[in-house]
There are 2 protein chains.
Amino acid sequence: MLEIYDTSLRDGSQMEGISYSTEDKLNITQKLDELGIDYVEGGWPGSNPKDIEYFKKVQELELENVQVVAFASTRRAKVAAAEDKNLQAVVDSGVDVATIFGKTWDLHVTDALKTDLDENLKMVEDSIKYLVENGIEVHFDAEHFFDGYKANPDYALEVLKAAERGGTATLVLCDTNGGTLPSEIRDIIADIQDKVETPLGIHAHNDSDVAVANSIAAVEEGVHHVQGTINGYGERCGNANLSSIIPNLNIKYEEDFNCITDNQLFKLTEVSRYVSEVANLTPPTHSPYVGDSAFAHKGGIHVSAILREPETYEHVKPEIVGNQRRVLVSELSGKSNLVYKAEELGIDLDDENTDLKAVLDKVKELEHQGYHFEGAEASFELLVEKAAGRYEKLFQLEGIRIITEKRGEINPISEASIKVTVNGEKVHTAAEGDGPVNALDKALRKALRRFYPTLEEIHLIDYKVRVLEGKDGTAAKVRVLIESGNGHETWGTVGASTNIIEASWQALVDSIEYGIKLKSDPNEQ
Amino acid sequence: MLEIYDTSLRDGSQMEGISYSTEDKLNITQKLDELGIDYVEGGWPGSNPKDIEYFKKVQELELENVQVVAFASTRRAKVAAAEDKNLQAVVDSGVDVATIFGKTWDLHVTDALKTDLDENLKMVEDSIKYLVENGIEVHFDAEHFFDGYKANPDYALEVLKAAERGGTATLVLCDTNGGTLPSEIRDIIADIQDKVETPLGIHAHNDSDVAVANSIAAVEEGVHHVQGTINGYGERCGNANLSSIIPNLNIKYEEDFNCITDNQLFKLTEVSRYVSEVANLTPPTHSPYVGDSAFAHKGGIHVSAILREPETYEHVKPEIVGNQRRVLVSELSGKSNLVYKAEELGIDLDDENTDLKAVLDKVKELEHQGYHFEGAEASFELLVEKAAGRYEKLFQLEGIRIITEKRGEINPISEASIKVTVNGEKVHTAAEGDGPVNALDKALRKALRRFYPTLEEIHLIDYKVRVLEGKDGTAAKVRVLIESGNGHETWGTVGASTNIIEASWQALVDSIEYGIKLKSDPNEQ
């Protein structure tokens, strides 16, 4: 099996917008263990107390597959390894495995480190040797290796040999700036392959949009250790995306390129989405293998074929990576989409009570009016229920009034009042909000909460507005897409109108009705 | 030069969430022309009235580089090409170039097309021949070529030869399911290279996260025509990303791999962000080359080194692709960009009266708040005028009140009242509209019309709303982009706030102030 080394918690956390708590890092470590990852780079024990705390607490986790790795640079110039604070911190962190990064590009040694080339060699050798003598397995990250090798191949190679003398377990070749292309990766690895004894690793960045290809090319050239991050998170354009590399290697090559077991691969989609949740980033919708759209089919022609023989339009079976096929209902839809879609939602449209054509006509009519059921499956489900006559209202709207007031240059205030009838009882209430739609949302919830306590759990995740035809300026027709969740599930709803309040209202009502229905319908649990 | 073929408007529009208006498609075509793209696949003339309208209107554009391409499948089985509606629609669309896609995977011929292998060969040859005889340059998309070749190499090759007999200009090898890896792409292309006379093209999908690498590998193997989409938009995991392929080929290879000129490459970032704006998708922050974070460096060790020698931490210079380095400590990077942009707008920021730093700080502050000046040059120009102290208000806002009222299930009514002071005179008026923003727009115009009669000529062309961070649902921050025109010119303005009314107000006021200023400023005529 190949070694998979995840640096989501170190290099990955360099990404703009990511800032993990110690708890986050421990949870992610646990998840990566379930995925069958071999190494998890937890952070720099030397750099900050947060990381020190992580290395302390991570020892309490019961990990089956993961070995936790501490990261550090080579010792300072002209300082004994034993005297170097960072290396000492690695020893004190109690890890069994560490990764040391060192310069291999001569330009960086002289300009960034401001030391001479020989001292840098000693720094690499000493640092590794010191940790090995302390019973630690060491991997060496050869920073800027490919750029360094292109600039000065002899020196770059000398650095690798220094690391070997130090006793490193792996020579990890880093494309730190992410500028190297697959053909260069191949040539350079082939070039040095027989000049070193130690097994090689690859650490790629995605600045040229080929980090996954570079990692695979390296493996084809004999590299046995692959570094990257879940979802490809990382600084600038990110690190090599393990969520793509792992399935590529597991599914598309001979067994000896396997990284994890089939049962672990089945967890890939779940882990990818878990990490994006913890990172508080929107899950990567269009990501290969794990994205929500990775196996989503829109083209009308396709669908009937897909239902007959999936492999004709899918490069792998979505189930293998724990993802699922989705058929999108859109203008291009035919009857087959509709029936498949309905089945997917657990609605049987084939029973004689349902007028299939009536449902399809309704869908097409609404789509013509600007409704869009992609990403609005909840509205679609409610629509089908209505068309099939299996739907009952949760409340009757009597009226709404929303007032937005702005005085001078200060920000406006929005207030909504609403009057509804629920179970024959009239409720009249009001709320303020950030803008008219937010005020309306709050007022509606306030009015219904007493009757539907589960409403508490339902919250809005995303609110999108799309203007359909620009021609009429501010009077143009708008489509509102709302994504809601209750902690366990998420669902999308849609509304369309020339009045953004009306469009938002429709999407809001669907969102809440679907959420409450979900809770009260045992079949959905 | 290599041929670059963009299918953003056809294959790209298959992406979940994208639905372009005809106006959107024309605007994108114009932008792609500025980028120096050779071919733009506009749609299927046979499929729907929207596409027919596009092909009609696109003939009115003055395009320097782009050839507009119509897309269609091969003729139906057992039907003469001349009788086939789709092929007829291509001829009627008035294009000089068309792309025909046909099956190369035997399984698809028998199972999806439900015809025999020989008939499929005839369908390919006839369809191409028919269009060629009608004076149209034809490219052949060999659908599922790589999968087909692996399943039945002889038949896949026969299909290519049938296309050659038909007189195709290019044999475009499609990895339709996106499941092929670079090494397979190389082997298969090398394999067929000398078995066909016609130049080859590549059309890759990103389901294995290697579409960019596959396209480059194909070019290294001698392919001269590359298909893809801006930002890699497309069905499932998207198409090959031209925003990455073009700079990779232009910058990292010998001249004969160039796709566009240096001046065109400089527009890459602008075009990428423009397309995402029109698609109403969040601009791809971490995308290679064009992403906002593509050259973003976090503080610390890096920074000083980067400022001394950028190439030590950047694989290419950001300016080459019209992007910019983002280093927290330095506003130098932004300054040149600002001056460049201002010059573009005919504003001289180099005169000693202008406090360049003040202007820059203001821009940075607003961009941080979510303002976005791509597609909002009018707001940018007003901003510069304000920061440079060369701006005077047209009116003083006293107050606004907008009421939206909905009774039962009927559509709501929106009414706005506004109070402003113009030339020391108080005006208090009101108007009804289609939604709160439209009502506000009408009321403001009503209040100002008497003082600024040229307002009559200013009208809104487009109104777009984008939610910036979805996390807070309906309370999320929104950005409003408005496009306005006066018959001779069009201009864009922007507003941002948690309250959509406030954001719209800001964009509206800029739109009207800029329009009136335009009329009254002789230099602008």
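As the structure is a prediction and not an experimental result, all values here were calculated from the model. Protein chains get the first letters and strands the later ones, always in sequence-line order, with residue 1 at the start of each.
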Visitor: Hey, does the side chain of B:D24 reach the backbone of B:S21 with a donor-acceptor pair shorter than 3.5 angstrom?
Guide: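 Between the backbone of B:S21 and the side chain of B:D24 there is a qualifying donor-acceptor contact (under 3.5 Å).
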Visitor: Under 4.5 Å, heavy atom to heavy atom: which of residues 206-214 of chain A reach chain B? Give them by number, or say none.
Guide: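 A:N206, A:D207, A:S208, A:D209, A:V210, A:V212, A:A213, listed by number.
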Visitor: In terms of heavy-atom pairs under 4.5 Å, which option from A:E184, A:E415, A:K252 contacts chain B the most?
Guide: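 Going by pairs under 4.5 Å, I would pick A:K252.
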Visitor: Under 6.0 Å from the NZ atom of A:K406, do we count more than 12 heavy atoms belonging to anything else shown?
Guide: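 Atom NZ in A:K406 is packed in, count exceeds 12.
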Visitor: Using non-hydrogen atoms and a 4.5 Å limit, figure out which bit of B:A507 sits close to chain A: side chain, backbone, both or neither.
Guide: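 B:A507 has no heavy atom closer than 4.5 Å to chain A.
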Visitor: If you count heavy-atom pairs within less than 4.5 Å of chain B, which of A:G178, A:S417, A:S183, A:A217 leads?
Guide: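 Result: the option with the highest number of such pairs is A:S183.
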Visitor: If only atom types and distance count, is the side chain of B:K50 paired as donor or acceptor with the main-chain N or O of B:Y20 below 3.5 Å?
Guide: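 Yes; judged by distance alone, with no hydrogens or angles, the pair exists.
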Visitor: Using non-hydrogen atoms and a 4.5 Å limit, figure out which bit of B:I403 sits close to chain A: side chain, backbone, both or neither.
Guide: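 Contact with chain A: backbone and side chain both.
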Visitor: Using a 4.5 angstrom heavy-atom cutoff, name the option from A:S244, A:A294, A:A416, A:S287 with the most pairs to chain B.
Guide: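 Counting heavy-atom pairs under 4.5 Å, the top option is A:A294.
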Visitor: Using a cut-off of under 4.5 Å on heavy-atom pairs, state which of B:I500, B:N411, B:L181, B:I216 scores highest against chain A.
Guide: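 Option with the greatest count: B:L181.
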Visitor: Select, from B:V465, B:I402, B:V420, B:I501, the one with the greatest count of heavy-atom pairs under 4.5 Å involving chain A.
Guide: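 It is B:I402.
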Visitor: Does a donor on one side chain and an acceptor on the other come within less than 3.5 Å for A:N499 and B:S414?
Guide: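 Judged by distance alone, the side chains do pair up.
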Visitor: Contact part of A:L107 toward chain B, heavy-atom cut-off under 4.5 Å: side chain, backbone, both or neither?
Guide: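 Interface part for A:L107: side chain.
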Visitor: Output all residues satisfying ring-ring contact (aromatic ring centres under 6.0 Å, His included) with A:Y289, sequence neighbours left out; order by chain, then residue number.
Guide: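 A:Y289 satisfies ring-ring contact (aromatic ring centres under 6.0 Å, His included) with A:H315 once adjacent residues are dropped.
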Visitor: Using a cut-off of under 4.5 Å for heavy-atom pairs, which of B:G232, B:P436, B:G238 has the most such pairs with chain A?
Guide: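 It is B:P436.
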Visitor: Given that the side chain runs from C-beta out, which part of B:T404 has a heavy atom under 4.5 Å from chain A: side chain, backbone, both or neither?
Guide: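 Interface part for B:T404: both.
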Visitor: Which atoms form the tightest heavy-atom contact between B:S215 and B:A240, and what is the distance?
Guide: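 For B:S215 versus B:A240, the nearest heavy atoms are OG-CB, 3.5 Å.
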Visitor: Quiz question: by atom type and distance under 3.5 Å, do the side chains of A:E314 and A:H297 form a donor-acceptor pair?
Guide: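 Yes - a donor-acceptor pair under 3.5 Å links their side chains.
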Visitor: Measuring heavy-atom distances to chain B, does A:P182 have an atom under 4.5 Å in its side chain, in its backbone, in both, or in neither?
Guide: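 Contact with chain B involves the side chain of A:P182 alone.
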Visitor: For A:S243, enumerate each residue passing the side chain to side chain contact (heavy atoms under 4.5 Å, CB included) test, keeping only those at least two apart in sequence or located in another chain.
Guide: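 With neighbours one apart ignored, the set is A:I230, A:N231, A:N241, A:S272, A:V290.
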Visitor: At a 4.5 Å cut-off on heavy atoms, which part of B:E220 comes close to chain A: side chain, backbone, both, or neither?
Guide: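 Contact with chain A involves the side chain of B:E220 alone.
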Visitor: Rounded to the nearest 0.5 Å, how far does CZ of B:R407 lie from CZ of A:R401?
Guide: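 So the gap between those two atoms works out to 6.0 Å.
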Visitor: Given heavy-atom pairs under 4.5 angstrom as the criterion, report whether the side chain, backbone, both or neither of B:Q396 touches chain A.
Guide: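 For B:Q396, the contact with chain A is made by the side chain alone.
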Visitor: Give, as side chain, backbone, both or neither, the part of B:E502 having an atom under 4.5 angstrom from any heavy atom of chain A.
Guide: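 Both backbone and side chain.
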Visitor: Which bit of A:Y253 comes within less than 4.5 Å of chain B, counting heavy atoms only: side chain, backbone, both or neither?
Guide: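 It is the side chain, since no backbone atom gets that close.
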Visitor: Just one of B:T176, B:D11, B:D175 clears the side chain to side chain donor-acceptor pair (under 3.5 Å) bar with B:H205, so which one?
Guide: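 Of B:T176, B:D11, B:D175, side chain to side chain donor-acceptor pair (under 3.5 Å) with B:H205 is met by B:D11 alone.
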Visitor: Taking ring-ring contact (aromatic ring centres under 6.0 Å, His included) as the test, write out the residues that go with B:H144, two or more places apart.
Guide: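 With sequence neighbours excluded, B:H144 shows a ring-ring contact (aromatic ring centres under 6.0 Å, His included) to A:Y313, B:W105, B:H108, given in chain and number order.
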Visitor: Among A:G435, A:P412, A:P247, A:P288, which residue has the highest count of heavy-atom pairs closer than 4.5 Å to chain B?
Guide: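 Among the listed options, the one with the most contacts to chain B is A:P288.
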Visitor: How far apart are the closest heavy atoms of A:S504 and A:I482, and which atoms are they?
Guide: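 Closest heavy-atom pair between A:S504 and A:I482: O-CD1, 4.3 Å.
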Visitor: So does A:E409 pair up with B:K393, basic N to acidic O under 4.0 Å?
Guide: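 Here A:E409 pairs with B:K393 in a salt bridge, since their nearest N and O are under 4.0 Å apart.
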Visitor: Where the side chain of A:H286 meets the backbone of B:R236, is there a donor-acceptor pair that is under 3.5 Å apart?
Guide: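 A pair under 3.5 Å: yes.
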